[in-house]
Amino acid sequence: GALGGTRVFPTADACFPRRARVVLPDDEEAPVTDCRSALTWARGTGVVTLAFGGLVITNVCVLLFKELSQVDGEYLYNPASALCMAEVGKMLVSCGVRGVTKRDYEPFLPKSVPVELSWAATGLALLYAVYNQLTFVVLTKASASTVALFKATTPTLVALFLWLLYGERINKLQWAACVLQMAGLVLVAEGAAKEGLLEGETEWWGAIELLLVLMAILGALAAVWNSKALKGIDTPMPILNIFLYASGACFNFMIYGLRLAYSDQDAFFAGYASNRYACLVVVSMSLIGLSTSLLYKYGDAIISKYAAACSA
């Protein structure tokens with residue numbers, strides 16, 4: 001309405017039943033904010049912050065537990081069985097989340113699975129299975145700190161792949177952050193090399209370097225694909241995770257059955273009762289998937305990989 005040649009607008013605080021009103025001159029514009037959008041943004045930001053912190057902690061724990069679970073540079077348990085159990089654990093948690101969050105009229109799982117979901121779940125599960133197996137191999141020849149240092153390069157690779165594969169525009173602030181991060185990693189790596197912390201760790205250092213680079217590339221590709229799959233498929237996140245983790249469990253069980261894991265242990269459950277760190281490997285890998293999925297859903301792939309940089 002109008003009052004004395006002025007315009008009257010509701011304030012941004014539309015949450016209260018008794019709305020205050022602000023009087024502005026004719027030549028000024030009143031900012032109007034949707035309270036529901038603000039609350040949604042705040043809730044999403046809180047989820048991303050918690051997931052980011054959880055991912056940093058679990059990234060550190062996974063690498064440390066994998067290294068500590070070795071005995072004289074060998075795994076007395078089968079890494080493929082550990083990964084398979086972790087995928088099953090993540091799938092069961094996702095089933096519980098789906099049961100709590102679904103509406104009464106919704107089925108637990110969709111009657112028909114979109115083709116995009118099938119391809120995404122299968123491809124991502126295979127990428128993650130190869131990536132995780134490589135991590136177990138590399139950790140027998142290099143320290144957890146060295147592996148974390150190479151994994152910290154993935155945010156820059158993710159930004160590059162998003163630009164090359166999807167034409168996604170990366171803003172100047174994100175590129176500046178990537179450049180600063182890479183510069184910091186070069187300085188850290190140079191200092192570590194001078195102190196002999198990198199070269200000389202193993203006589204197979206050249207091959208390990210190649211595996212570390214391959215791991216960084218696979219991790220970046222998986223992060224980009226995972227982010228696009230979660231945001232591009234109109235399916236609740238728990239359902240996406242159920243299919244992804246079920247596929248991951250199948251692939252890792254296939255690796256175990258074909259005896260392709262880097263271990264001489266053939267029994268599926270052997271080696272865990274006497275090695276608490278092996279059990280912690282399974283638990284920490286189960287938790288890391290949930291934090292990653294939340295970041296991909298409410299953040300983006302670059303944010304998720306900055307957690308790896310913080311872990312380093």
**Item:** Donor-acceptor pair, side chain of E106 and main chain of R103, under 3.5 angstrom
**Value:** yes

**Asked** Are any non-hydrogen side-chain atoms of W163 and L160 less than 4.5 angstrom apart?
**Response** yes

**Message:** Show the nearest heavy-atom pair for residues A249 and C84, with the distance to one decimal.
**Reply:** O-SG, 3.5 Å

**Asked** Do F161 and V213 share a hydrophobic cluster (ILVMFWY, side-chain heavy atoms under 4.5 Å, transitive)?
**Response** yes

**Complete:** In terms of heavy-atom contacts, T101 and P238 come closest through OG1-CG, 4.2 Å

**Request:** Report the distance from atom CG of L126 to atom CD1 of I255, rounding to the nearest 0.5 Å.
**Result:** 8.0 Å

**Prompt:** Are side-chain heavy atoms of L139 and Y75 found at a separation under 4.5 Å?
**Reply:** yes

**Request:** Report yes or no: does N252 contribute a side-chain atom to a donor-acceptor pair with the main-chain N or O of G248 at less than 3.5 Å?
**Result:** yes

**Item:** Neighbour count >12 (heavy atoms, 6.0 Å) for atom OH, Y272
**Value:** yes

**Request:** Report yes or no: do L63 and L68 belong to one cluster of Ile/Leu/Val/Met/Phe/Trp/Tyr joined by side chain heavy-atom distances under 4.5 Å?
**Result:** yes

**Asked** Is Q133 reaching over with its side chain to a backbone N or O of L83, donor-acceptor style, under 3.5 angstrom?
**Response** no

**Request:** Apply side-chain contact (heavy atoms from CB on, under 4.5 Å) to the pair V130 and F251, showing each step before the final yes or no.
**Result:** CA-CA 9 Å; V130 175; F251 277 119; over 6 Å; no

**Asked** Checking S81 side chain against Y77 main chain: does a donor-acceptor pair fall under 3.5 Å?
**Response** no

**Item:** Verdict with supporting geometry, V62 and V281, side-chain contact (heavy atoms from CB on, under 4.5 Å)
**Value:** CA-CA 6 Å; V62 165; V281 167; 5.9 Å; no

**Asked** Of all residues at least two apart in sequence or in a different chain, which pass the salt bridge (charged side-chain N to carboxylate O under 4.0 Å, His left out) check with E74?
**Response** none

**Request:** Tell me, with the steps shown, if S286 and V93 meet side-chain contact (heavy atoms from CB on, under 4.5 Å).
**Result:** CA-CA 9 Å; S286 299; V93 173; over 6 Å; no

**Asked** Linking I/L/V/M/F/W/Y whenever their side-chain heavy atoms sit closer than 4.5 Å, directly or via other members, would Y262 and F268 fall into one cluster?
**Response** yes

**Request:** Tell me whether M254 is reachable from Y131 by hopping between hydrophobic residues (I, L, V, M, F, W, Y) whose side-chain heavy atoms are closer than 4.5 Å.
**Result:** yes

**Heavy-atom pair with the smallest gap, counting every atom of A246 and M91** = CB-SD, 3.6 Å

**Request:** Would you confirm whether S263, through its side chain, and P79, through its main-chain N or O, come within 3.5 Å as a donor-acceptor pair?
**Result:** no

**Request:** Only counting residues at least two apart or in another chain, list the ones meeting side-chain contact (heavy atoms from CB on, under 4.5 Å) with R259.
**Result:** Y256, D266

**From S274 atom OG to L76 atom CG, the distance as rounded to the nearest 0.5 Å** = 7.0 Å

**Item:** Residue pair L64, L280: steps toward the side-chain contact (heavy atoms from CB on, under 4.5 Å) verdict
**Value:** CA-CA 10 Å; L64 287 178; L280 290 173; over 6 Å; no

**Asked** Rounded to the nearest 0.5 Å, how far apart are CG of L157 and CG of L221?
**Response** 8.5 Å

**Prompt:** In Å, rounded to the nearest 0.5 Å, how long is the span from OH of Y245 to NZ of K90?
**Reply:** 5.0 Å

**Request:** Taking the side chain as every heavy atom from C-beta outward, state whether F269 and M85 have any pair of such atoms under 4.5 Å apart.
**Result:** yes

**Asked** Looking at F136, does the NZ or CZ of K66 lie under 6.0 angstrom from its six-membered ring centre and within 45 degrees of the ring axis?
**Response** yes

**Message:** As an exercise, state the distance from CG of N241 to CZ of R98, rounded to the nearest 0.5 Å.
**Reply:** 12.0 Å

**Request:** Taking T122 for its side chain and W119 for its backbone only, find out whether a donor-acceptor pair lies under 3.5 Å.
**Result:** no

**Request:** Spell out, yes or no, whether V88 and L240 are grouped together once hydrophobic residues are joined by side-chain heavy atoms under 4.5 Å, including indirect joins.
**Result:** no

**Prompt:** What is the minimum heavy-atom distance between S69 and N275, and which atoms define it?
**Reply:** O-ND2, 2.9 Å

**Prompt:** Where do L124 and A222 come nearest, in terms of heavy atoms and distance?
**Reply:** CD2-O, 3.4 Å

**Item:** Side-chain donor or acceptor of N78 paired with backbone N/O of Q265 under 3.5 Å
**Value:** yes

**Asked** Going from CD1 on I217 to CE on M215, what distance comes out if it is rounded to the nearest 0.5 angstrom?
**Response** 11.5 Å

